[in-house]
Amino acid sequence: MAETPILSGPALLPVEMPSTATGAAEAATEEESGKLPLTTTGTSEHYILGLANAVSRASATDPLTVMFQAEKLPPGQSVSDLDAASFQRMVYESALTRLATKLKAGGFIAEAGGFAAVACWEPGEVGEPYSSHASVLAQRPLFAKFVKGWRDIMRRQLYPIVECVSGGKYWKLSLMARDPAVEYVPGAVRAVLAPFIERFTSDQNQGGPMPVWLEASSDKARAVYAHFGFRDVGETEVRGIKTWCMIYTGSIDIEKAG
C-alpha cells in the first residue's frame with residue numbers, strides 16, 4: 001500500500017476530549033474550523049516502526065500489557081526483574097510481531113500529526129480470528145482466556161450483525177496509541193478514528209458498509225471510544241483486569257440483524 005495523505009474535511013464527530021484548559025480552547029477553535037491534522041496511511045517500515053514505538057511508550061504500564069508480557073518470561077523471572085527500557089523493548093517487539101500478521105491480512109496503519117496518534121486498521125470476516133495464534137494460546141493460558149472471552153462476545157454480538165448487513169465482513173481497530181513522546185497535536189486521535197469509522201460504515205466503503213469492532217483495555221480507552229460513537233456489547237475479565245468489547249455501526253441499518 002502506498003503512503004497516502006488523507007486530507008480530512010469537516011469534523012465528522014466531536015473533537016477528542018482535551019485534558020487541559022488550553023487544550024479545550026484549541027479544540028474548540030479546531031472544531032469550529034472543521035480542520036484535522038494531516039493524516040497519512042501506509043504499510044511501509046516507517047509506519048510499522050512508528051506504531052510499534054508509540055505502542056511501546058503508551059502501553060508499557062497498562063495492566064493488561066504487563067500481564068501478557070509477564071506470561072512470556074522464563075520460569076522464575078518477573079516483570080519487576082526488568083528495567084523500564086527492557087520491558088518497553090518487549091512491548092515494542094510484540095507490537096512488531098502483531099503488526100506483521102495484521103498487515104499480511106490486509107490491514108494498514110494511519111497516523112496523524114507526525115505520529116502524535118497512530119492506529120492499525122484490519123479487515124475481518126466471520127470465522128476464527130487469529131487462528132494462527134493457536135500454538136501461542138496453548139503456551140499462554142492467561143492470554144488464551146482473554147482471547148476466548150472476546151471471541152465469545154464477538155460471536156454473540158458482532159457476527160449476527162455482519163452476517164446480515166455486510167456479508168460477514170467488518171473492520172477492526174487492532175492497535176491504537178497516542179504517543180506520549182510526541183508533542184500533543186489537537187485532533188490527532190480523532191483524525192485516525194473518525195474519518196475511518198465513517199468511511200467503513202458508509203456506502204463509500206469498498207464492499208459496502210461494514211461495522212467496526214474493537215477491544216478497550218482500560219476505562220480511559222473505553223471512554224474515548226464511546227465519545228466517538230462506539231457502544232459496549234460485553235466485557236471479559238482476566239485476573240481482575242477488564243476488557244470491553246465495542247462496536248460502531250454508524251448509519252448502518254442493524255434492525256434487520258435483530
Side-chain angles (χ1 to χ4, degrees), residues 43 45 47-105 107 109 115 118-122 124 127-158 172-182 213-222 224-225 232-246:
T43 57
E45 183 179 30
Y47 283 80
I48 294 170
L49 299 183
L51 179 49
N53 274 313
V55 168
S56 69
R57 289 189 283 256
S59 65
T61 59
D62 176 73
L64 198 65
T65 299
V66 173
M67 180 175 68
F68 290 156
Q69 297 302 320
E71 199 172 27
K72 298 178 181 179
L73 294 173
Q77 187 177 17
S78 68
V79 171
S80 60
D81 298 326
L82 304 176
D83 59 30
S86 297
F87 183 73
Q88 186 172 308
R89 183 71 187 182
M90 283 187 67
V91 179
Y92 172 81
E93 292 176 351
S94 176
L96 290 179
T97 300
R98 294 172 65 189
L99 282 169
T101 301
K102 297 174 189 307
L103 298 183
K104 185 177 180 180
I109 296 168
F115 286 87
V118 58
C120 177
W121 292 102
E122 179 185 9
E128 287 291 332
Y130 303 115
S131 58
S132 61
H133 290 187
S135 60
V136 174
L137 298 180
Q139 301 167 15
R140 298 170 55 194
L142 296 179
F143 182 63
K145 183 178 180 181
F146 165 75
V147 172
K148 181 181 184 303
W150 64 255
R151 277 183 177 175
D152 289 345
I153 296 170
M154 178 179 274
R155 291 189 186 100
R156 295 194 307 268
Q157 301 292 338
L158 179 67
K172 177 178 179 179
L173 179 62
S174 293
L175 285 170
M176 190 270 167
R178 182 162 66 185
D179 194 337
V182 177
W213 170 274
L214 63 79
E215 298 108 35
S217 61
S218 69
D219 281 314
K220 181 178 180 180
R222 179 192 184 196
V224 169
Y225 296 133
D232 289 359
V233 293
E235 65 181 54
T236 183
E237 185 173 329
V238 181
R239 286 195 174 177
I241 302 173
K242 291 183 178 181
T243 298
W244 291 269
C245 299
M246 308 181 78

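- Residue F146 holds its CZ atom at 4.5 Å from OG1 of T243, rounded to the nearest 0.5 Å.
- Legend: residues meeting side-chain contact (heavy atoms from CB on, under 4.5 Å) with S86, ordered by chain and number and at least two apart, are L82, D83.
- Contact of the L49 side chain with the F115 side chain is not registered, since no non-hydrogen atoms from C-beta on lie closer than 4.5 Å.
- Side chain of D81 to backbone of S78: a donor-acceptor contact under 3.5 angstrom is found.
- A heavy-atom distance below 4.5 Å is found between the side chains of V233 and W213.
- Contact between T65 and V91 at its shortest, heavy atoms only, is CG2-CG2, 3.8 Å.
- Residues L173 and A119 approach most closely at CD1-CB, 3.7 Å, considering heavy atoms.
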| task | In sequence, state the C-alpha distance, the side-chain angles, and the governing distance for L103 and I109, and then conclude on side-chain contact (heavy atoms from CB on, under 4.5 Å). | result | CA-CA 8 Å; L103 298 183; I109 296 168; 4.2 Å; yes
| message | Applying side-chain contact (heavy atoms from CB on, under 4.5 Å) to K72 and S94, what does each step give before you reach the verdict? | response | CA-CA 10 Å; K72 298 178 181 179; S94 176; 3.2 Å; yes
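- Within the 3.5 Å criterion, the main-chain N or O of E93 finds a donor-acceptor partner in the side chain of T97.
- The distance from the CD atom of Q88 to the OG atom of S59 is 9.0 Å, given to the nearest 0.5 Å.
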| request: Start with the C-alpha gap between L214 and Y225, add the side-chain angles, then the distance that decides, and say whether side-chain contact (heavy atoms from CB on, under 4.5 Å) holds. | output: CA-CA 9 Å; L214 63 79; Y225 296 133; 3.6 Å; yes
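- The side-chain heavy atoms of L73 and M90, taken from C-beta on, include a pair separated by under 4.5 Å.
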| request: Could you check R156 against D152 for salt bridge (charged side-chain N to carboxylate O under 4.0 Å, His left out), going step by step and ending with a plain yes or no? | output: CA-CA 6 Å; R156 295 194 307 268; D152 289 345; 5.2 Å; no
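- The backbone N or O of L142 lies less than 3.5 Å from a partner atom in the side chain of E71, making a donor-acceptor pair.
- Looking at V118 and Y47, their side chains never come closer than 4.5 Å, going by heavy atoms from C-beta outward.
- The ring pair (Phe, Tyr, Trp, His ring centres under 6.0 Å) pairs that include a residue from residues 77-104 number zero, where partners must be two or more places apart or lie in different chains.
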| Taking it one step at a time, do R222 and D219 satisfy side-chain contact (heavy atoms from CB on, under 4.5 Å)? | CA-CA 5 Å; R222 179 192 184 196; D219 281 314; 4.0 Å; yes
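- Relative ring orientation between F143 and F68 is described as perpendicular, the plane-to-plane angle rising above 60° on a 0-90° scale split at 30° and 60°.
- Closest approach of C120 and L51 over heavy atoms only: CB-CD2, 3.7 Å.
- S217 OG to D62 CG: the interatomic distance, rounded to the nearest 0.5 Å, is 4.0 Å.
- A58 meets the side-chain contact (heavy atoms from CB on, under 4.5 Å) test with A177, P180; sequence neighbours excluded.
- Residue Q69 holds its CD atom at 7.0 Å from CZ of R140, rounded to the nearest 0.5 Å.
- Remark: K102 NZ to K172 NZ distance equals 5.5 Å, nearest 0.5 Å.
- One distance of note links CD of E237 with NZ of K145; it measures 7.5 Å at 0.5 Å rounding.
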